[in-house]
Amino acid sequence: MVGIAIGTSSGIRVSAPCFFAPKCRRNLPSRNWVAGTPMDFRRKSTPLRCTRAKEESTDACISVTSTDDDPANSIKDRELENGNLPDDAAAKQGIRIRRRPLTGPPTHMVGPFEFRLENEGNTPRNILEKIIWDKDMEVSQIKERKPLNVLKKALVDAPPVRDFVGALKASYQRTGMPALIAEVKKASPSRGVLWEDFDPVKIANAYEKNGAACLSVLTDEKYFQGSFENLEAIRRAGVECPLLCKEFIVDAWQIYYARSKGADAILLIAAVLPDIDIKYFNKICRMLGLAALVEVHDEREMDRVLSIDGIQLIGINNRDLETFEVDISNTKKLLEGKRGEIIRQKDIMVVGESGLFTPKDISYVQDAGVKAVLVGESLIKQDDPGRGIAGLFGRDISLRV
């Protein structure tokens, strides 16, 4: 098959000389900007690979061009609706995780053919970006089945919100050590299954019994084998620890859904969300009574979050998004100097995340200014996750003390 070409001003048109043109032509949407990544379709073509469905083929070369300038649309409206930002604003904010593929989904079906875009725009740069892309598609599909107006009505039957931040502060005052947010986690993309005989309620009860102030419950199914059913089951089982819904939030709909399942707090990731989304989602959280743990990885993200009013919790993730190496000195670096002063002035509670395995690690981040820690794998991999808490802190921090 020779001579297939793509090239339109407002989208992508595919035609194959071996078929009658009207049957083999389809317009596909295109974007000329996505958060954090510059694009200019007018300067260069983009290669694709054409394959028959379920079958590879290399006998065609396809090029793509676009001259869509995307004029006069309200950027602010799209920011709130889709989480997109113009390139310059996204770059200025240091957002490294793109919300979705630059040129749409990586595959397009045209008649019997499947087209794969062979460019950097459709290749996730790391596992977090891949998770976010899949989550964006997942949420858009679920929203069609359960619109927001239906979801809001379900909030009437949701259990009351517990004070997540208050529970952390009370634990810190009681023990003199960072409050523990213990994570209920079955698997991870890098480690695989962590707990074969996984019983979320049993694990949650063990955590609570042994001194956890709050719990974090993974709800992503594809990469972490979690679920909202686990969150709901823990809440219904009578566990008193406030619950953080550990989900990859990209849409306001997810916040309402988490609340309807019994969540008391949610996670917002600054590497994924532009400032306007963090402000908007935080406002929704306040309206629903939820706490928002805003996660940062570096100085730029910390500075962005500190400039936003109303932030109560900041999580410092010690994992580098580019190399995936963990260095707990990252926590100390982000809390030194002026940043630490601002955090104290605003009375923000800082949560240490990743790389915490020993009492020495806990002591190190506490000395840096951390008043709570979120710990998952170092506990869940223990034969008795509950008793693993005493090993992590170097002493019993349960209410029995």
Side-chain angles (χ1 to χ4, degrees), residues 35 76-84 97 99-100 131-167 181 183-184 200 214-224 226-237 239 241-270 272-295 305 308-313 315:
K76 187 171 183 179
D77 287 345
R78 284 188 299 173
E79 286 174 343
L80 291 175
E81 186 68 25
N82 300 320
N84 286 333
I97 303 300
R99 186 71 62 87
R100 54 183 65 85
I131 291 171
I132 294 300
W133 289 6
D134 288 344
K135 186 63 63 177
D136 184 68
M137 294 182 64
E138 174 189 317
V139 172
S140 65
Q141 293 168 1
I142 297 176
K143 284 170 63 178
E144 293 181 1
R145 301 194 298 269
K146 186 173 289 189
L148 185 58
N149 62 332
V150 174
L151 196 56
K152 287 182 177 180
K153 294 178 182 178
L155 295 179
V156 177
D157 299 320
V161 183
R162 282 92 53 98
D163 186 354
F164 191 89
V165 177
I181 307 171
E183 194 152 81
V184 180
C214 299
L215 303 180
S216 168
V217 183
L218 266 297
T219 54
D220 177 78
E221 184 173 351
K222 182 172 182 178
Y223 293 94
F224 293 86
S227 70
F228 280 95
E229 287 72 22
N230 290 345
L231 178 73
E232 200 170 26
I234 292 171
R235 185 66 196 259
R236 288 180 174 177
V239 174
C241 288
L243 305 179
L244 169 72
C245 174
K246 188 76 171 291
E247 175 64 302
F248 298 90
I249 302 292
V250 295
D251 191 287
W253 183 93
Q254 295 167 278
I255 303 175
Y256 288 94
Y257 191 65
R259 174 79 280 272
S260 73
K261 295 297 183 180
D264 305 293
I266 62 161
L267 177 72
L268 302 176
I269 304 176
V272 173
L273 301 171
D275 293 357
I276 194 167
D277 278 354
I278 295 175
K279 294 174 184 177
Y280 180 52
F281 293 164
N282 195 44
K283 182 178 180 180
I284 293 173
C285 286
R286 291 198 301 270
M287 182 180 68
L288 296 176
L290 295 170
L293 173 60
V294 186
E295 182 179 277
V305 174
I308 298 173
D309 292 332
I311 301 298
Q312 292 182 291
L313 287 172

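Note that these values count all heavy atoms, side chains included, but never hydrogens, waters or copies made by symmetry. The residues of the chain are indexed from 1 along the displayed sequence.
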### Query
Name the one of Lys143, Lys135, Arg100 that satisfies salt bridge (charged side-chain N to carboxylate O under 4.0 Å, His left out) with Asp251?
Lys143

#### Entry: Separation of Leu148 CG from Lys153 NZ (nearest 0.5 Å)
11.5 Å

### Query
Counting distance only, does the side-chain N/O of Trp253 pair as donor-acceptor with the main-chain N or O of Leu151 below 3.5 Å?
no

### Query
Quick one: does Leu293's side chain get under 4.5 Å of Phe164's, heavy atoms only?
no

### Query
Side-chain contact, heavy-atom cut-off 4.5 Å: Ile255 with Cys285?
yes

#### Entry: Atom of Pro242, atom of Ala167 and distance for their closest heavy-atom approach
CG-CB, 3.8 Å

### Polar side-chain atom of Gln254 near backbone of Phe248 as donor-acceptor pair, under 3.5 Å
yes

### Query
Tell me, do Lys261 and Tyr257 make a side-chain contact under 4.5 Å, heavy atoms counted?
yes

### Summary
When rounded to the nearest 0.5 Å, the distance separating NZ of Lys283 from CD1 of Ile278 is 16.0 Å

### Task
Say whether, by atom type as modelled, one donor and one acceptor occur between the side chain of Asp264 and the main chain of Leu243 under 3.5 angstrom.
yes

### Summary
Output for pair (Thr219 OG1, Lys246 NZ), nearest 0.5 Å, gives 9.5 Å

### Task
Could you tell me whether the side chain of Glu247 reaches within less than 4.5 Å of the side chain of Leu267, counting heavy atoms only?
no

#### Entry: Heavy-atom closest pair, residues Leu290 and Ala265
CD2-N, 3.8 Å

### Task
Kindly give the heavy-atom pair with the smallest separation between Ala252 and Ile284, and that separation in Å.
CB-CD1, 3.5 Å

### Task
Indicate the atoms forming the closest heavy-atom contact of Ala291 with Leu313, along with that distance.
CB-CD1, 4.4 Å

### Query
Are side-chain heavy atoms of Leu288 and Val161 found at a separation under 4.5 Å?
no

### Query
Is the count of non-hydrogen atoms from other residues, nucleotides or ligands lying under 6.0 Å from Glu232 atom CD greater than 12?
yes

### Query
Is it the case that more than 12 heavy atoms not belonging to Arg286 sit under 6.0 Å from its CZ atom?
yes

### Message
Let me confirm one number: the CG-OG distance from Leu231 to Ser216, rounded to the nearest 0.5 Å.
### Response
9.5 Å

### Task
List the atom of Phe228, the atom of Cys245, and the distance in Å for their closest heavy-atom pair.
CE2-SG, 3.6 Å

#### Entry: Donor-acceptor contact below 3.5 Å, side chain Arg162 vs main chain Cys241
yes

### Query
Can you find a heavy atom in the side chain of Pro274 that is under 4.5 Å from one in the side chain of Arg99?
yes

### Message
Can you tell me how far apart CD1 (Ile249) and CG (Leu273) are? Round to the nearest 0.5 Å.
### Response
8.5 Å

### Message
Under a 3.5 Å distance rule, please check whether Asn282 uses its side chain to pair with a backbone N or O of Gly310 as donor and acceptor.
### Response
yes

### Query
Between the main-chain N or O of Leu155 and the side-chain N or O of Arg259, is there a donor-acceptor pair closer than 3.5 Å?
no

